[in-house]
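See below for the structure under consideration.
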Amino acid sequence: MALQKSSHNFTKIALKPLRTNLFHIVLSAFFLTIGIHKNYGQDLPNKSLRIEAEKTPDSLIINKENFIEIKDTTKKDSFPKLEKKSLLEGKIKYSAADYAKIDQKNKLLTLYNNAELYYQDIELKAGIIVMNYEKDEVYAGRIKDSTGTYTQLPVFKQGSNVVEPDSIRFNTKTQKALIWNSRTDQGEFRVKAEITKKENDSVYFLKKARFTTSKDIENPEYYFQTNKIKLVPKQKVVTGLTNMVIADVPTPIAIPFAFFPMTETSQSGLIVPTFQDTRRQGYSLQNGGYYLALSDYYDLAIMGDYYTNGSWALRFESSYAYMYKFRGNFNIRFENLIQSERGFPDYSKSKIYNIQWSHAQDAKSNPSSRFSASVNLGSSTFFQQSLNQVNIGSALNNNLSSSISYSKTFNSVPQVNMSLTATHNQNSRTQEINMTLPTLQVNVDRIFPFAPKDGAKKGFFKNINLQYNLRGENRIATTDSLFFKPEMFRDANVGFQHSIPLSTNFKVFKYFSVSTSANYNEVWYLKTINRRFDTESNNVVTEDVNGFDAFRTYSFSTSVGTTIYGTFNFGETKKIQAIRHVMRPSVSHSYTPSFEQYYDTYATDGSGRMAEYTRFEQGIFGAPSNNYANNLGFNLSNTFEAKMTDKDSTKVEPKKVMLLNQLNFSTSYNMAADSLRWAPVRMSGGTALFDNKMNVNFGATLDPYAINAAGRRINTWNIDNGGSLFRMTSANMTINYSLSSEGNKKNNENSQGARNGGREDDLFGTNTDFSDRRQSQFEDDKIEDADKDKAAEFYNAKLPWDLTFAYSLTYGNNNREKKITGNSVMISGNLELTPRWKVGVSSGYDFVQQGVTFTQLRFERDLLSWRMDFNWAPFGDFASWGFFIGIKSSVLSDIKWDKRALPDRQLR
């Protein structure tokens, strides 16, 4: 019976238990250790092996899977029956580009060139592989190419552990191995050793080893040199005497032993603090603490600062995530700051805090409900006084805001949307805080009572629709000093607003769109006021009246609008072939009756003079008006677009360029007023220039009425008072320009600065958080070796750069002052001098105050595995500097040098 060739590229040897005589055992062992190999459609080069295979006894058969197995043909055995025993414990499959040679005499299987061997959980690839199937040993090594260079280094993989040595010797039974010049990755570490001894699946002993976080293990920027290492993959690395080597130069930095956890999951451990000194708080240890890996879904870092003058700080930082559900993080920071010494006139003490929480839900986790949170609240002076970060954008910003919301959609007919939202808005200058705890909103989808179930809704009656909206608020107004104290909740104001809008729209005269609506509004309050004159104190007293009360109002509105197109053609041979002007005029009318029934009178003094008031006037949704309103509104919007000949002569179609994307005029006329019926005309516009790199926005307020000597509007046209047709009371213009050497610029990300309430760009510098200085000051563009040549020191023809420019101008003339109230320019730029040298600057100038605005200089050097930066604010209230050099990897983040001088903040 002849053996059949396998149809696969790999030969598989199936080893089945034997029960036969000694002759069959020896003969079967020979055939069980060899296989017929088909390599890229070619036969084995060993012809003698093929001849022997053709003389296979009947006891050797090929099963359906092309594996060799033994058939027991002995009817009676004179020898004792042997127990079932496998020569090997699994199947072997292999391949090679040049040849696979089997030496039966020496029990060797040799694979040459692109050799591959698979056995149990072992995968081995190398230039040459030799397997001694009698001793259960495998040897793998490199081969030389045509130039004499060694190529095809072995890649040994067992389970998830991968080793790339120069050569390896491995025993398949004992699992022991001897490895020369091994290279392996363990987490963020890359380890190379001259000799590695593998004891078993979980323990390696390394001699003359180096380990680093550098990507290039052959030529690392730095490494730790040691003679002895015990490595437990994915668990730990224990070393003996270890010396730090930078650029192949040994340093005096050495430790007698070291321990590095290497698990794939997060591990709890100490966070080494940074030593600093300040002029006002003395010496300090900052950002020291403990990291708690609480679970696979969330963690917690507890860090603190201590200063020799008694100041201290405490921070809690946590991140959490549940795949396909949600993710978020929160930071709680508290600082007890002391300035000077007790008894000195400049002694002061301040307690500040900040709470930040961010939560985002995966949109696919629950389409009908959603929960999100963005919280930034705390002391109004936190970002001005904090000693643990420098964030000028947040320090100059006057507002902190937060929002926590939950929304739910009920898939009924009609559909109902409900949301609960808690909001917070804080002015850091006035220290006023406004909160809603919470806001309830319920919206019922539009109902078309006269429209057919199928078909278009056309006409007045078919388009009639109504909605129902409910809004309830618990509004709190307080100050920074009373935040979350009993006084904060005492003056809470609660109200509910119901509104039912009824509207329709239709066309008249084919080109005019008409919309009309009627709105019913009902407001519920749980607290109103009562105002009276107190004869004893001789003052007007306003008293709170607790209890349910309500008022109801209604109004009507109508608007008519159309669209007018105008095109001015200049000829197809002209550079500007045509200009298109689109006008959208509209006229609106609104009517609101007087609701005098909700008004009462009270005595203003002892003489009996009376005044009107409404008990709802302090409500959060306003009060009914006792004035009859009958207004006409006028609005005109314009857009201008040009059709230009493209500079590219291959283009057939002309290029469209937006000249003005908006130019709006609006005003109103109050038909119910006795005088001053016309409202000022508001003009606003904007455009984008230079391929949308520059955005220009402008606006002005034009008043047709004159003012008297006291600055009050009078019922006299300004032109009749010796002036122009309109009196410009205010004007403003802003210009934002962003560009880079690579086209449209993506602004440098300053996400933490924006989260703190500052800007997303770097016009006010970049945010610096001293708790983690490993992040870049510039845009996070990680340099990959495949993208940039490490040997390149300078650019040949280009210097990548980006520029952000902002200009703001405001004009005030409300009382004939004709004064420029604001005129400032801000600019920031970043330049990449070499592939790993970056410099940046942020500055500006205030032409009104005649001074330079906040200025920051930034320098950064990417040292591959390391990062070095220096930032400097040379003058102003936030004058400071900081220098940092450290390893990027989180495993060795404590190996750093961080030196800085903080601004001299005056605590208040």
Notebook entry, point to check: Under 3.5 Å, is there a donor-acceptor pair between the side chain of Asp534 and the main chain of Val541?
Noted result: no
Margin query: Arg531 vs Glu617, test: salt bridge (Lys or Arg N to Asp or Glu O under 4.0 Å). Steps then yes/no.
Written below: CA-CA 11 Å; Arg531 189 168 292 163; Glu617 64 184 30; 2.4 Å; yes
Item checked: Parallel, tilted or perpendicular: ring planes of Phe595 versus Tyr554, cut at 30 and 60 degrees -> perpendicular
Next item on the list: Tell me whether the centres of the aromatic rings in Phe330 and Phe316 are closer together than 6.0 Å.
Entry: no
Check: Do the side-chain N and O atoms of Asn417 and Thr409 include a donor-acceptor pair separated by under 3.5 angstrom?
Finding: yes
Check: Taking C-beta and beyond as the side chain, do Glu596 and Tyr628 meet within less than 4.5 Å on heavy atoms?
Finding: no
Checklist line | Side chain to side chain, Asp600 and Tyr602, heavy atoms closer than 4.5 Å | finding: no
Next item on the list: Flag the pair Val514 / Phe460 as yes when at least one side-chain heavy-atom distance between them is below 4.5 Å, and no otherwise.
Entry: no
Margin query: Main chain of Asn708, side chain of Arg712: is a donor-acceptor contact present, judged purely on distance under 3.5 Å?
Written below: no
Next item on the list: Work out which heavy atom in Val494 is nearest to a heavy atom in Ile620; give both atom names and the distance.
Entry: C-CD1, 4.1 Å
Note to self: Testing the basics here: between Ala706 and Asn721, what is the closest heavy-atom pair and its distance to 0.1 Å?
What the structure shows: CB-ND2, 3.5 Å
Next item on the list: Ignoring hydrogens and angles, tell me if any N or O in the side chain of Asn815 forms a donor-acceptor pair with the backbone of Glu817 under 3.5 Å.
Entry: no
Checklist line | Donor + acceptor pair across side chains of Asn530, Thr528 (<3.5 Å) | finding: no
Checklist line | Tyr511 backbone acceptor or donor facing Thr562 side chain under 3.5 Å | finding: yes
Check: Can you tell me how far the CG atom of Asp720 sits from the OG1 atom of Thr716, to the nearest 0.5 Å?
Finding: 7.5 Å
Checklist line | Audit row: Glu612, Asn626, side chain to side chain donor-acceptor pair (under 3.5 Å) steps and yes/no | finding: CA-CA 10 Å; Glu612 281 189 329; Asn626 64 342; 3.1 Å; yes
Check: Which class fits the ring pair Trp524 and Phe548: parallel under 30°, tilted 30 to 60°, perpendicular over 60°?
Finding: perpendicular
Next item on the list: Give a yes-or-no answer on whether the side chains of Thr421 and Thr439 include a donor-acceptor pair shorter than 3.5 Å.
Entry: no
Next item on the list: Answer yes or no: is there a donor N or O on one side and an acceptor on the other, between the side chain of Asn813 and the main chain of Lys818, under 3.5 Å?
Entry: yes
Notebook entry, point to check: Nearest heavy-atom pair of Ser724 and Asn718: which atoms, and what distance?
Noted result: O-ND2, 3.0 Å
Checklist line | Sub-6.0 Å ring centroid separation between Tyr599 and Tyr613 | finding: no
Margin query: Go through it in stages, so that I can follow the logic: the residues are Glu473 and Arg475, the test is salt bridge (Lys or Arg N to Asp or Glu O under 4.0 Å), and I'd like the CA-CA distance, side-chain angles, deciding distance and then a yes or no.
Written below: CA-CA 6 Å; Glu473 286 190 14; Arg475 191 175 296 177; 2.6 Å; yes
Next item on the list: Consider only side-chain N and O atoms of Thr423 and Ser403, and report whether a donor and an acceptor are under 3.5 Å apart.
Entry: no
Next item on the list: Might you point out which heavy atoms bring Tyr598 and Arg552 nearest each other, and give the distance in Å?
Entry: OH-N, 3.1 Å
Checklist line | Nearest atoms (heavy-atom pairs only) where Ser380 meets Asn427 | finding: OG-O, 4.0 Å
Notebook entry, point to check: Should the pair Phe371 and Trp357 be assigned to parallel (<30°), tilted (30 to 60°) or perpendicular (>60°) ring geometry?
Noted result: tilted
Next item on the list: Give a yes or no on whether the backbone of Lys351 and the side-chain of Asn336 come within a donor-acceptor separation of less than 3.5 Å.
Entry: no
Next item on the list: Might you work through the side chain to side chain donor-acceptor pair (under 3.5 Å) test for Asn635 and Ser637, ending with a clear yes or no?
Entry: CA-CA 7 Å; Asn635 186 78; Ser637 63; 4.8 Å; no
Notebook entry, point to check: Under 3.5 Å, is there a donor-acceptor pair linking the side chains of His498 and Tyr468?
Noted result: yes
Note to self: Parallel, tilted or perpendicular, judged at 30° and 60°: which one describes the rings of Tyr669 and Trp678?
What the structure shows: tilted
Notebook entry, point to check: Within the side chain of Asn638, is there an N or O that forms a donor-acceptor pair under 3.5 Å with the backbone of Leu663?
Noted result: yes
Notebook entry, point to check: Quick one: side-chain contact (heavy atoms from CB on, under 4.5 Å) partners of Phe847, sequence neighbours excluded?
Noted result: Asn823, Val825, Tyr845
Checklist line | Met733 and Tyr807, any side-chain heavy atoms less than 4.5 Å apart | finding: yes
Item checked: Enclosure of Phe461 CZ (heavy-atom neighbours >12, cutoff 6.0 Å) -> no
Item checked: Spatial distance of atom CG (Asn715) from atom CG (Leu676) [nearest 0.5 Å] -> 5.0 Å
Check: Is any side-chain heavy atom of Gln385 less than 4.5 Å from a side-chain heavy atom of Leu337?
Finding: yes
Notebook entry, point to check: Is the side chain of Ser559 donor-acceptor paired with the backbone N or O of Val587 at a distance under 3.5 Å, no angle test?
Noted result: no
Notebook entry, point to check: Do Gln361 and His359 have side-chain N/O donor and acceptor atoms under 3.5 Å apart?
Noted result: no
Note to self: With a 4.0 Å cut-off on N to O distance, would you call Arg532 and Glu543 a salt bridge?
What the structure shows: yes
Note to self: Working note: Tyr520 + Glu522, criterion side chain to side chain contact (heavy atoms under 4.5 Å, CB included); need CA distance, chi angles, decisive distance, verdict.
What the structure shows: CA-CA 7 Å; Tyr520 172 79; Glu522 183 171 333; 2.8 Å; yes
Check: Is Asn539 close to Phe533 at the side-chain level, that is, under 4.5 Å between some pair of heavy atoms?
Finding: no
Next item on the list: Give, for atom CD1 of Ile820 and atom OG1 of Thr810, the distance between the pair rounded to the nearest 0.5 Å.
Entry: 8.5 Å
Notebook entry, point to check: In chain order, what residues pass the ring-ring contact (aromatic ring centres under 6.0 Å, His included) check against Phe489, with sequence neighbours excluded?
Noted result: none
Note to self: Can a side-chain donor-acceptor contact be found between Ser358 and Ser374 if the only test is distance below 3.5 angstrom?
What the structure shows: no
Next item on the list: Examine the side chains of Ser369 and Lys408 and answer whether a donor and an acceptor come within less than 3.5 Å of each other.
Entry: no
Margin query: Nearest 0.5 Å, please: how far is CZ in Arg333 from CG in Asn354?
Written below: 6.0 Å
Checklist line | Smallest separation among heavy atoms of Gln662 and Asn697, with atom names | finding: NE2-OD1, 4.1 Å
Check: Heavy atoms, side chains only, cut-off 4.5 Å: are Phe410 and Gln415 in contact?
Finding: no
Check: Quick one: is the NZ or CZ of Arg713 closer than 6.0 Å to the six-membered ring centre of Tyr705, and within 45° of its axis?
Finding: no
Checklist line | Modelled atom types, side-chain donor and acceptor of Gln441 and Arg471, under 3.5 Å | finding: yes
Checklist line | CZ-OG distance between Arg446 and Ser503, expressed to the nearest 0.5 angstrom | finding: 5.0 Å
Next item on the list: Measure the shortest side-chain to side-chain distance between Ile714 and Ile707 over non-hydrogen atoms and say whether it is less than 4.5 angstrom.
Entry: no
Check: Between Thr479 and Gln431, is there a donor-acceptor pair closer than 3.5 Å when you use the side chain of the first and the backbone of the second?
Finding: no
Check: Is a donor on one side and an acceptor on the other found under 3.5 Å between the side chain of Asp544 and the backbone of Ile529?
Finding: no
Next item on the list: Walk me through it: do Leu400 and Leu377 pass the test side chain to side chain contact (heavy atoms under 4.5 Å, CB included)?
Entry: CA-CA 6 Å; Leu400 303 178; Leu377 60 86; 5.9 Å; no
Check: Say you draw a straight line from OG1 of Thr436 to NE2 of His424; how long is it, rounded to the nearest 0.5 Å?
Finding: 10.5 Å
